[in-house]
Amino acid sequence: MAKPRDKKAQKEAALERVKELFKQAAGIAPKNMARANRYVALARKMAMRYNAKIPASLQRKFCKHCYHYLVPGVNLRVRTHLGKVVYYCKDCKKHMRFVVKKKTTVKKK
Ligand SMILES: [Zn+2]
């Protein structure tokens with residue numbers, strides 16, 4: 001039988017690696033987009049292998065459709081529309097929407 005492994009520690013290590021990869025992607029991004037995209041691919045692979053969630057702050061740094069690393073003004077357009085932030089990926093020409101305001105529990109009259 002396989003040796004029991006510390007899955008929690010593995011997950012944490014994977015997340016550290018994911019963060020490191022995004023840091024490297026950010027460092028190289030405007031100059032070498034192909035390399036930045038590769039780092040995103042590696043980070044996603046790493047997260048998937050250990051069933052770890054990529055932090056919300058990093059989720060916004062790549063396109064959820066084509067998984068390209070996003071740099072505002074280069075391959076990303078950011079707009080607000082109806083209380084949402086709309087990210088438009090110029091590589092695959094698709095949108096991502098993020099909610100800005102949390103719904104408050106105001107009673108309607
Ligand atoms: Zn895209």
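Numbers for residues simply follow the sequence, beginning at 1. Start at 1 and go down the list; that is how both ligands and their atoms are numbered. Values below: every heavy atom of this structure, side chains too, minus hydrogens, waters and symmetry copies.
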| said: Please enumerate all residues that pass side-chain contact (heavy atoms from CB on, under 4.5 Å) together with L15, with sequence neighbours excluded. | reply: A52, P55
| Cationic tip of R77 above Y87 ring, under 6.0 Å, 45° of axis | no
| field | Side chain N32, main chain I28, donor-acceptor under 3.5 Å | value | no
| request: Only counting residues at least two apart or in another chain, list the ones meeting ring pair (Phe, Tyr, Trp, His ring centres under 6.0 Å) with H95. | output: Y88
| field | Salt bridge present between E20 and R17 (N-O < 4.0 angstrom) | value | no
| Going by the ring-ring contact (aromatic ring centres under 6.0 Å, His included) test, which pairs reach into residues 37-81, not counting sequence neighbours? | F22-F62
| field | Polar protein atoms near the Zn ion (ligand 1) [N, O or S; cut-off under 2.8 Å] | value | C63 SG, C66 SG, C89 SG, C92 SG
